[in-house]
A.B. asks: 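Pasting in a structure now, in structure tokens, and then I'll have a few things to ask.
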Amino acid sequence: MSRFIDELKRTHRCGDLRAANEGNVVVLFGWVASRRDHGGCVFVDLRDRTGITQIVFDRDYAAKHPGAAQHGSAEEVAAAHKLAEQMRGEWVIGVRGLVLSRGSNKNPKIPTGEIEVLVLEATVFNKAETPPFEISDDVETREEIRLEKRYLDLRRPALQRTLIQRHHINLATRNYLSSQGCLELETPYLVKYTPGGARNFLVPARMAQGKFFALAESPQLYKQLLMVSGFDRYFQIVKCFRDEDSRLDRQPEFTQIDIELSFTNQSEIFRLIEGLIFAIWKQALGVDLKELFPSGQFPEMPYAEAMTKYGSDKPDLRFDLPHVDLTDLVLEHGGGGVPFWVEIADKYKSGALRADMRPEIVKAIVIPAAANLSRPQLEDLEKGLREIKGFRGLPRAKLAEDGSWTQSPLAKSITPELRAAINQACGAKPGDVVCFQFGKESLVHTVMARLRSDVAKRMGLIPEYGHGGKWSFLWVVNPPLFELDEETGTFSPAHHAFTRPVDEHLPLLESDPARVNCYRYDVVLNGFEIGGGSVRLHDPEVQQRVFNVLGIRDQDARDKFGFLLDALKSGAPPHGGIALGMDRLTMLLSGAQTLRDVIPFPKTNQATDLMTGAPVEVDASQLAELRIKTIT
RNA sequence: GGGGUGGUAGUUAAGUCGGUUAUAACGCCGGCCUGUCACGCCGGAGGCCGCGGGUUCGAGUCCCGUCCACCCCGCCA
């Protein structure tokens, strides 16, 4: 065996060989992907991360390939053939052999299909137990087993391709950002716990008994401090930790491309990120986004417009299907006879609801007649919405030739005037189906945003998963600075307390904080938020006014962010930044179905590692050393 | 914290109204085979039906509980 390691160096990988290599004597190492035994002649598909090469163990090679004899002895070939008879899937082997043209037996399905390697000498580095699932792209296996045997799952070509793309994204990021004058600087993972925002993982500090570090949920504060220090432009490809529930696009530990710039504004940050994404798509995918975005810029949409038209701060613009806001119309008609709508109209009339804040709304989506959805299909759409907490049903109406409504619970009660007005507002034509949702704004938006995307999938406008060859990038800009807690009537930062309000709203800070927008932005791709950031507040006077709105007294602010406030008073340049979700970016670029498929060793929904069993209980003595007691 | 889907051979699935020995494909094991490439042919093994209770003459199937995975709401600036 040592001959294959020490004397015979690997000459090629399994995806390398082409017709031009015919006649070469090569050494290949790899895994047995499949074996086809014809008795005197055994074919093996040899696999590594670059591809598959067919190798042939032929007892009577000399008769067919007289020239091969000069490269190896008959004894060695016979021994290799004997080995091949025993070989099984996933064995790790090495071969030395002669590259031959496949003649009339070419395999057009693989890049190496023009040739095969006639084995002159072989070794088995290691046998392998039969794997619990087939190492192949087109075999669906339960996630549980895949995660338990992740090292095998990662042998699948599709996952390897994705992780190789991830490598290229990292490479493109470093090259591009470095070329733009950004320095890659590291920040701590063990940081001070700060209340608010994402739940932190806590790490006991042995040397300070009873005290804890938090694992950084992002390098946010540190990157601002680096700007204060004068590093001017920073980036980092960095792990972040958040102890929150997982989703298809959320893992408890994930990677950000984190960026911060000094002496900058919103549009400069946008241009930098667009350039970065262009570079990534080019290097990792070979796609030139210039063809889709000739100006080199992504479109921008105000947050308020995104919410009104699509009910989402991350709309998927690969298709249109906009929401129609009927609230004004319904109020004008006093509810138009529909009991629920009358109720809403009355609440606004009596002043129980603030007309300028619109806490309750009425919205519609038109499913065009061309979609040709059957009644069972429509019910199916409604069924999918039932997993949304608070969802109570999806009233709909099908337009008849005369504009009247059929198949609708609203048809009987609605006034003809409002019905006509709604038909017009929706631009609905006979045969179209109008779906309604009304009540609390947030629930209406959750339901309708989901419906919009479900309908698009049902209509075949977008695939169930993946990009479908479409790249819809979008900046969603200028959301509100504050979030109102309805129960307590207090404001909290919608992003964080150091986001700069837009200049023209500064006068509203005290009089009407809910209407103050800010220089915050998200970059959206195909309905996923792939990044977000803000221009930071560096004016201490405005900062104080923001704290006042938040009800943060000087002492509170000092306790929480004292070091940052001090730093901002010590000569802070205007600065701003952004963080891109590296994993999501990879998922969307590669067409992977979940974030787990772009992370080598991901966690389950319950944040466990099925392979190692982490997290685990620890010895009482370890807890004692940390002065920690568990309760049950 | 809440809702949904699923768990049957190594894997993927079928299993009707509760009824006799729980099916199939792939994989695995043995044999044959010199042009296959998801090779083919012949033969074979393989099951705590997630787990624990209950109903019943009888449970993969019905009921209760529980564990695990996934999807969604909340949550995640």
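A, B, ... follow the sequence lines: proteins, then strands. Residue 1 opens every chain.
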A.B. asks: Going by the rule side-chain contact (heavy atoms from CB on, under 4.5 Å), which residues pair with A:Ser218 if we only count those two or more places apart in sequence or in a different chain?
C.D. replies: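 Expected list: A:Gln220, A:Cys240, A:Arg242, A:Gln256.
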A.B. asks: What integer number of Å spans the P atoms of B:A14 and B:C62?
C.D. replies: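 My reading of the P atoms in B:A14 and B:C62 gives 15 Å.
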A.B. asks: Could you state the CD1-P distance from A:Ile530 to B:C76, rounded to the nearest angstrom?
C.D. replies: 22 Å
A.B. asks: I need the NZ-P distance between A:Lys383 and B:G3, as an integer number of Å.
C.D. replies: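 After rounding, the gap between these two atoms is 17 Å.
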A.B. asks: I'd like to check A:Gln543 versus A:Phe498 (side-chain heavy atoms, cut-off strictly below 4.5 Å). Are they in contact?
C.D. replies: yes
A.B. asks: Measuring from A:Leu537:CG to A:Arg545:CZ, what's the distance to the nearest 0.5 Å?
C.D. replies: 10.0 Å
A.B. asks: Tell me yes or no: between the side chains of A:Asp609 and A:Thr612, is some donor less than 3.5 Å from an acceptor?
C.D. replies: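 Result is yes, a qualifying pair exists.
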A.B. asks: Using the C1' atom as the reference point in each nucleotide, state the distance between B:C26 and B:G46 in Å, no decimals.
C.D. replies: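 Nearest-Å result for B:C26 against B:G46 at atom C1': 14 Å.
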A.B. asks: Strictly by Watson-Crick or wobble contacts shorter than 3.5 Å, is anything paired with B:A24, and which nucleotide is it?
C.D. replies: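 Here B:A24 is engaged in a pair, and the nucleotide opposite it is B:U12.
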A.B. asks: For the residue pair A:Ser453 and A:Asp316, establish whether any side-chain heavy-atom pair is separated by less than 4.5 Å.
C.D. replies: no
A.B. asks: Using atom P of each nucleotide, how far apart are B:G52 and B:C68 to the nearest Å?
C.D. replies: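 These two P atoms come out 16 Å apart once rounded.
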A.B. asks: Check whether any side-chain nitrogen or oxygen of A:Thr604 sits under 4.0 Å from OP1 or OP2 of B:A69, and answer yes or no.
C.D. replies: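 Yes, because at least one side-chain N or O of A:Thr604 sits under 4.0 Å from OP1 or OP2 of B:A69.
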A.B. asks: My understanding is that a pair needs two contacts under 3.5 Å, Watson-Crick or G-U wobble. By that rule, which nucleotide pairs with B:A59?
C.D. replies: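 Its partner is none (no Watson-Crick or G-U wobble pair with both distances under 3.5 Å).
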A.B. asks: Report the base-pairing partner of B:C70 (Watson-Crick or G-U wobble, both distances below 3.5 angstrom), or none.
C.D. replies: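 When the pairing criteria are applied, B:G4 turns out to be the nucleotide that pairs with B:C70.
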A.B. asks: Suppose we call two aromatic rings close when their centres sit under 6.0 Å apart. Are A:Phe270 and A:Tyr521 close by that rule?
C.D. replies: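 Yes, ring centres under 6.0 Å apart.
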A.B. asks: Quick one: which protein N/O atoms are closer than 3.5 Å to N/O atoms of nucleotides 71-74 of chain B? Pair and distance per line, please.
C.D. replies:
{"unit_1": "B:C71", "atom_1": "OP1", "unit_2": "A:Arg596", "atom_2": "NH1", "d": "3.4"}
{"unit_1": "B:C71", "atom_1": "OP1", "unit_2": "A:Arg596", "atom_2": "NH2", "d": "3.2"}
{"unit_1": "B:C71", "atom_1": "OP2", "unit_2": "A:Arg596", "atom_2": "NH1", "d": "3.4"}
{"unit_1": "B:C71", "atom_1": "OP2", "unit_2": "A:Asn605", "atom_2": "OD1", "d": "3.3"}
{"unit_1": "B:C71", "atom_1": "OP2", "unit_2": "A:Asn605", "atom_2": "ND2", "d": "3.4"}
{"unit_1": "B:C72", "atom_1": "OP2", "unit_2": "A:Leu248", "atom_2": "N", "d": "3.3"}
{"unit_1": "B:C72", "atom_1": "O4'", "unit_2": "A:Glu387", "atom_2": "OE2", "d": "3.0"}
{"unit_1": "B:C73", "atom_1": "OP2", "unit_2": "A:Arg247", "atom_2": "NE", "d": "3.0"}
{"unit_1": "B:G74", "atom_1": "N7", "unit_2": "A:Arg247", "atom_2": "NH2", "d": "2.8"}
{"unit_1": "B:G74", "atom_1": "O6", "unit_2": "A:Arg247", "atom_2": "NH1", "d": "3.1"}
{"unit_1": "B:G74", "atom_1": "O6", "unit_2": "A:Arg247", "atom_2": "NH2", "d": "3.3"}
{"unit_1": "B:G74", "atom_1": "N1", "unit_2": "A:Asp245", "atom_2": "OD2", "d": "2.9"}

A.B. asks: Provide, to the nearest angstrom, the distance between the CD atom belonging to A:Glu144 and the P atom belonging to B:C67.
C.D. replies: 14 Å
A.B. asks: Determine the Euclidean distance between corresponding P atoms of B:U21 and B:A25; express it in Å to zero decimal places.
C.D. replies: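 My reading of the P atoms in B:A25 and B:U21 gives 23 Å.
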A.B. asks: I'd like the P distance from B:C67 over to B:G60, given in whole Å.
C.D. replies: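 It works out to 23 Å between them.
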A.B. asks: Can you tell me how far P in B:U23 sits from the matching atom in B:G44, rounded to whole Å?
C.D. replies: 15 Å
A.B. asks: Which letters describe nucleotides 30-35 of chain B, given B = protein heavy atom under 4.0 Å from base, S = only from sugar-phosphate, - = neither?
C.D. replies: S--BBB
A.B. asks: Without hydrogens or angle criteria, can the side chains of A:Gln251 and A:Ser246 be said to hold a donor-acceptor pair below 3.5 Å?
C.D. replies: no
A.B. asks: Determine which nucleotide pairs with B:G43, using a 3.5 Å limit on both distances of a Watson-Crick or G-U wobble pair.
C.D. replies: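 For B:G43, the partner nucleotide comes out as B:C29, under the 3.5 Å rule.
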A.B. asks: Reckon A:Ser34 touches a base, only the sugar-phosphate, or nothing at all at heavy-atom distances under 4.0 Å?
C.D. replies: sugar-phosphate
A.B. asks: For A:Asn200, enumerate each residue passing the side chain to side chain donor-acceptor pair (under 3.5 Å) test, keeping only those at least two apart in sequence or located in another chain.
C.D. replies: A:Glu217
A.B. asks: How many angstroms lie between NZ in A:Lys457 and CZ in A:Arg452, if you round to the nearest 0.5 Å?
C.D. replies: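 Answer rounded to 0.5 Å: 11.5 Å.
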A.B. asks: Could you check how far CD of A:Glu90 sits from C1' of B:G27, rounded to whole Å?
C.D. replies: 12 Å
A.B. asks: Could you check how far NE2 of A:His496 sits from P of B:C76, rounded to whole Å?
C.D. replies: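 One finds 15 Å between P of B:C76 and NE2 of A:His496, rounded.
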A.B. asks: Using distance only, find each side-chain donor-acceptor pair of residues 596-603 of chain A under 3.5 Å and give its atom names and separation, not counting sequence neighbours.
C.D. replies:
{"unit_1": "A:Arg596", "atom_1": "NE", "unit_2": "A:Glu143", "atom_2": "OE2", "d": "2.6"}
{"unit_1": "A:Asp597", "atom_1": "OD1", "unit_2": "A:Arg146", "atom_2": "NH2", "d": "3.2"}
{"unit_1": "A:Lys603", "atom_1": "NZ", "unit_2": "A:Glu253", "atom_2": "OE2", "d": "3.1"}

A.B. asks: Suppose you measure atom P in B:C57 against the same atom in B:C72; what distance do you get, rounded to whole Å?
C.D. replies: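 Per the computed distance, 46 Å lies between those P atoms.
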A.B. asks: I'd like the C1' distance from B:A69 over to B:C28, given in whole Å.
C.D. replies: 26 Å
A.B. asks: A:Arg242 CZ to B:C76 P: how many Å, rounded?
C.D. replies: 10 Å
A.B. asks: As an exercise, state the distance from CD1 of A:Ile135 to CG of A:Asp153, rounded to the nearest 0.5 Å.
C.D. replies: 7.5 Å
A.B. asks: Can you tell which of A:Lys149, A:Arg47, A:Arg156, A:Arg35 makes a salt bridge (charged side-chain N to carboxylate O under 4.0 Å, His left out) with A:Glu90?
C.D. replies: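 Of A:Lys149, A:Arg47, A:Arg156, A:Arg35, salt bridge (charged side-chain N to carboxylate O under 4.0 Å, His left out) with A:Glu90 is met by A:Arg47 alone.
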A.B. asks: Can you see whether A:Lys223 engages A:His575 through a side-chain donor-acceptor pair at a distance of less than 3.5 angstrom?
C.D. replies: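 Result is no, nothing qualifies.
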A.B. asks: Mapping A:Glu217 and A:Thr608 onto RNA chain B by nearest heavy atom, which one lands closer to the 5' end?
C.D. replies: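 Whichever sits nearer the 5' end wins; that is A:Thr608.
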A.B. asks: Would you mind reading off the distance between A:Glu129 atom CD and B:C29 atom P, rounded to a whole angstrom?
C.D. replies: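 It is 12 Å, rounded to the nearest whole Å.
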A.B. asks: Would you mind reading off the distance between A:Leu595 atom CG and B:C76 atom P, rounded to a whole angstrom?
C.D. replies: 19 Å
A.B. asks: Please report the C-alpha distance between A:Thr608 and A:Thr604 in whole Å, then the side-chain angles of each, then the deciding distance to 0.1 Å, and finally whether the side chain to side chain donor-acceptor pair (under 3.5 Å) criterion is met.
C.D. replies: CA-CA 5 Å; A:Thr608 64; A:Thr604 68; 2.9 Å; yes
A.B. asks: Dump every N/O contact between nucleotides 11-15 of chain B and the protein below 3.5 Å, one line per pair.
C.D. replies:
{"unit_1": "B:U11", "atom_1": "O4'", "unit_2": "A:Pro132", "atom_2": "O", "d": "3.2"}
{"unit_1": "B:U12", "atom_1": "OP1", "unit_2": "A:Arg142", "atom_2": "N", "d": "2.5"}

A.B. asks: Any side-chain N or O of A:Arg36 less than 4.0 Å from the OP1 or OP2 oxygen of B:C39?
C.D. replies: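 Yes, such a contact exists.
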A.B. asks: Paired with B:G35: which nucleotide, if any, by Watson-Crick or G-U wobble criteria at under 3.5 Å for both distances?
C.D. replies: none
